[in-house]
Amino acid sequence: MCLGIPGQIVEITDTERQLAMADVSGVKREVSLAPVSDRPLADLVDEWVLIHVGFAMAVIDADEAAETLEALRGLGEAQETLEQIAEGERAFMEDRA
Amino acid sequence: MRYVQEFRDPVAAKGVLAAIARVADEIGVTKEDPVHIMEICGGHTHAIFRYGLDKLVHEGVEFIHGPGCPVCVLPMSRVDECVELAERPEVIFTTFGDAMRVPGTRKSLMQAKADGADIRMVYSPLDALELARRNPEREVVFFGLGFETTTPSTALSIQQAAREGLTNFTVFCNHITVPPPIRALLSDPHMVLDGFVGPGHVSMVIGVHPYDFIAEEFGKPLVVSGFEPLDLLQSVLMVIEQIRDGRAEIENQYARVVPEYGNPVSLAAIEDVYEPRPSFEWRGLGEIDESGLRICDRYSAFDAEAKFGIGYGAAAGRAVVEEPEGCACGLVMTGRAKPTECPQFGRGCTPEMPLGALMVSSEGACAAYWQYGGARAVEAAE
Amino acid sequence: MNMTSRVSRLRDERVTLAHGGGGKAMCDLIEEVFTDVFDPPGMEDQARLTDAALREAGTRLAFTTDSFVVTPVEFPGGDIGKIAVCGTVNDLVVGGAVPLWLSASFIIEEGCEIALLRRIVGSMAREAKAAGVRIVTGDTKVVGRGSADQVFVTTSGIGVIPAGRDMRAESVEPGDIAIVNGVLGDHGAAILAARGDLALSTEIESDCQSLGHLMEAVLKAAPGVKASRDATRGGLASALNEIAEAADVTVEIDETALPLREEVKGMCEILGLDPLYLANEGTLVLFVPPDQTEATLEAMRSTEAGRGAVAVGRARDKGPVPVTMRTAFGGERIVDMLVGEQLPRIC
Ligand code: SF4
């Protein structure tokens, strides 16, 4: 449920109503920063937020994202190594046969 | 696209899939005797089909598609009330696109629009607010729909309307909450679930602790997950690792977006604007205690139910509308049947003419099966 | 065009019912706004068509018609007039015909700005010239306010299919390569943004363009082209489904090969739409035998409309579903026909 999509805050457009322009791959849309307004609005410019129905629902944590990715890539690399070893073994066996 | 593309990397996927296969073999699950993992959220269901994850994972992992599509679970009687509201001449009825096709007993909003009702599709409740500002002589009703992810945006819009003193903006509130139906599912004696992939965007609002009961009372693991294919695969891996290790914990795969305790501003807005209804009806699941929200009295000026005299359930003088005959939605949602096992699937029930809840929005399990399974799914059913 | 040299008799700024009444007002409107602009001078009630091309043995006539309603009538990259010419021209082109003549009928809503009509007609004339077709006959009707949305346009087109050309979806065989001439979904995305009710702003422009020159270049370089379709309403997905069904094959496309602008992807992510179903107005898909793939691509890329040409998939033996897609993630999904209209979704 709940389509959410990362976008970058480009500028604050209405301080009173807590509105800002967000950029999603070159598409611009005014969004409400109300849900993340526990930080000073000005600090949110350039931040990446998770946008749902026109509201910035969360500020994306770059460190956490990097950590998750690292774990994922680690699994990917481990698998490649395993496959290479298996490949090497197969070649070795074929050579001997 | 940042934070999207990286999480669709096919090389990393191979690694996660291999790891899933290893753990699945360690547990000893097979196609005939699989581990059942429910993805609660319709967005996850959609992603599973869009990326073909169900066919990529080890055959001993079976996805059960949960009730997490707010459009699908909307009871018919509520759609009827939407249509009634929308047909009032003074009303501009605003809604998310998803809800347009949901059938009521008389008609859908799409049909009501064709019959002349002023119904506008909006992307955001902010757009409904703007319509209210620009059309002071009309009544703008926003169809508030969705789980905890969407609930705060409606609440914040109501607070904004109150600040501006708008008198022609109301919300027809149908917001619902995720934990109660999970409890209902887990309490079902026929339940076959072994673990859950938890809804990421709901959790960014409510945090991870509202799910604690799933581990503590029911001994099942849940991993809060992001929506990209790698997120989902990693979450599946985390769930089956827990199963292998005999653990039942609430874990968070989606830490880049989901804080442990959720979003304080959103939670405060929810607290301020709504109160729980004693119970709310879910299409396919029936009445569930404390699973729906209404607008509290302080904000009754913005409550379409109060303003236009629409009550809920018995208070509306309306009997619960029976689900259509032969519909297996309840069975599918509790994991006891596959969509293709429903006698109506592809026959009496298609996305053009949905009969049951799960065919309604593209997030519904049956609609996803249909969209990405098409003729093949029907053939499989035959 | 002799409009500038003559004193305009058309004083009104907006079309009134009088302009549809058959009297002087109507004549003024038709003459000044329409016939004077379309080239060569003089649209006629009944066009007398003469063309040497028709007399050659083995040529066949191609005839098509289409009505155009677009909201908004003017949008980034085009307007309803340009679409009305391109759409009908492209209908002829994808059948292998050389488009020659068009008719144009206008249903005009009372109150429609005459300046707007002039702009629309101007862009029709320009596009017709660029496409090498003549608008030879036409009609206007004025309807009361609310009975139309500004203006609706219907164009019909006649073209000739030169002897020896035979492009039919049925001739597509397993192994044939599917090629598109450029990015997908621009028109659909541009229109969605231009409507304004979703408050999205983008630089995306409609891809609206005529494809005649492109097709002639392709057919010269790769005469073995089997079939082509313009991927208009329902997008690439629908065009491929139609061909696959007609040819009794399965078409397999590769997600990583699909040409998509970042903005279009962004728009689709925001609204939960699938770019495969977004409408195009200047995009076609064609099927060629594998050994003519390179020649086709090269010929396409040598034309303005085909700069972004790429192969996106191939036909294979008929499987359980007409169209499948290998996802960028390594999975496989089914690409079905669109159900109803794509609606923006929240969940
Ligand atoms: S096919 Fe239709 S009726 Fe059957 S379970 Fe699915 S949604 Fe319900």
Side-chain angles (χ1 to χ4, degrees), chain A residues 1-8 13-14 16-20 22-27 29-39 47-83 86, chain B residues 1-4 6-7 9 11-19 40-44 68-71 96 123-127 146-150 152-154 156-157 159-160 178 199-202 204-205 226-227 230-231 233-234 237 253-259 263-266 269 363:
Chain A
M1 79 204 80
C2 322
L3 206 67
I5 155 103
Q8 193 171 23
T13 48
D14 184 336
E16 200 186 322
R17 288 185 185 152
Q18 303 177 316
L19 299 176
D23 181 306
V24 179
S25 288
V27 180
R29 158 82 208 196
E30 191 165 64
V31 300
S32 167
L33 295 179
V36 288
S37 60
D38 47 353
R39 314 185 181 195
E47 285 285 353
W48 284 78
V49 295
L50 202 288
I51 301 166
H52 172 67
V53 300
F55 286 74
M57 299 302 300
V59 177
I60 300 178
D61 187 324
D63 296 339
E64 290 285 1
E67 217 169 281
T68 308
L69 262 184
E70 205 175 305
L72 284 164
R73 292 206 175 116
L75 284 168
E77 278 157 23
Q79 182 59 22
E80 280 197 333
T81 319
L82 279 177
E83 276 171 21
Chain B
M1 202 180 299
R2 189 153 169 216
Y3 297 119
V4 172
E6 311 93 287
F7 293 92
D9 172 21
V11 176
K14 267 182 141 185
V16 193
L17 286 167
I40 298 161
C41 170
H44 285 152
C69 164
V71 181
F96 297 129
Y123 165 66
S124 166
L126 295 173
D127 304 341
F147 290 106
E148 287 91 332
T149 320
T150 322
S153 60
T154 310
L156 290 160
S157 301
Q159 288 176 332
Q160 179 68 30
V178 164
H201 291 155
V202 161
M204 83 185 155
V205 172
F227 290 81
L230 278 181
D231 288 323
L233 290 180
Q234 190 178 33
L237 176 63
Q253 182 274 337
Y254 200 27
R256 65 183 184 277
V257 164
V258 175
N263 179 307
V265 182
S266 294
E363 302 259 310

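Keep in mind the model is a prediction, meaning the values are calculated, not measured.
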Bottom line for A:A62: the part with an atom under 4.5 Å from chain B's heavy atoms is both

Max heavy-atom pairs within cutoff under 4.5 Å with chain A, candidates B:D127, B:D9, B:L17, goes to B:D127

On a heavy-atom basis, the closest approach of A:M57 and B:T149 is CE-O, 3.5 Å

Scanning both residues in full, the closest heavy-atom pair of A:L3 with B:H201 reads C-ND1, 4.3 Å

Assert top hit (heavy-atom pairs under 4.5 Å, partner chain A, pool B:N263, B:V258, B:D231) equals B:N263

Whatever's closer than 4.5 Å to a heavy atom in chain A on B:Q253 counts as both

Output for pair (B:Y3 OH, A:L50 CG), nearest 0.5 Å, gives 11.0 Å

Okay, B:A19 and chain A: the region with an atom under 4.5 Å from a heavy atom over there is side chain

If one checks every heavy atom of B:V205 against chain A at 4.5 Å, the contacting part turns out to be side chain

If one checks every heavy atom of A:E77 against chain B at 4.5 Å, the contacting part turns out to be neither

Scored by heavy-atom pairs under 4.5 Å with chain A, the best of B:L126, B:V257, B:V4, B:V16 is B:L126

Per side chain to side chain contact (heavy atoms under 4.5 Å, CB included), A:F55 is matched among B:P125, B:S266, B:P152 by B:P125

When rounded to the nearest 0.5 Å, the distance separating CD of A:E83 from NZ of B:K14 is 4.5 Å

Okay, A:V49 and chain B: the region with an atom under 4.5 Å from a heavy atom over there is neither

One option among B:A255, B:S157, B:G200, B:S153 has the most heavy-atom pairs under 4.5 Å with chain A, and it is B:S153

dist A:R73:CZ -> B:E6:CD (nearest 0.5 Å) comes out at 7.0 Å

Highest number of heavy-atom pairs under 4.5 Å with chain B among A:E30, A:R17, A:Q18, A:E64 belongs to A:R17

Given A:L82, A:L72, A:V36, the one with more heavy-atom pairs under 4.5 angstrom with chain B than any other is A:L72

Most heavy-atom pairs under 4.5 Å with chain B, out of A:S32, A:P35, A:A58, belong to A:P35

Closest heavy-atom pair, A:E80 versus B:V11, reported as atoms and distance to 0.1 Å, is OE2-CG1, 3.6 Å

Assert top hit (heavy-atom pairs under 4.5 Å, partner chain B, pool A:R29, A:Q79, A:E67) equals A:R29

One should read off an interatomic distance between B:Y254 OH and A:I60 CD1, to the nearest 0.5 angstrom, of 6.5 Å

Bottom line for B:L230: the part with an atom under 4.5 Å from chain A's heavy atoms is both

Okay, A:A65 and chain B: the region with an atom under 4.5 Å from a heavy atom over there is both

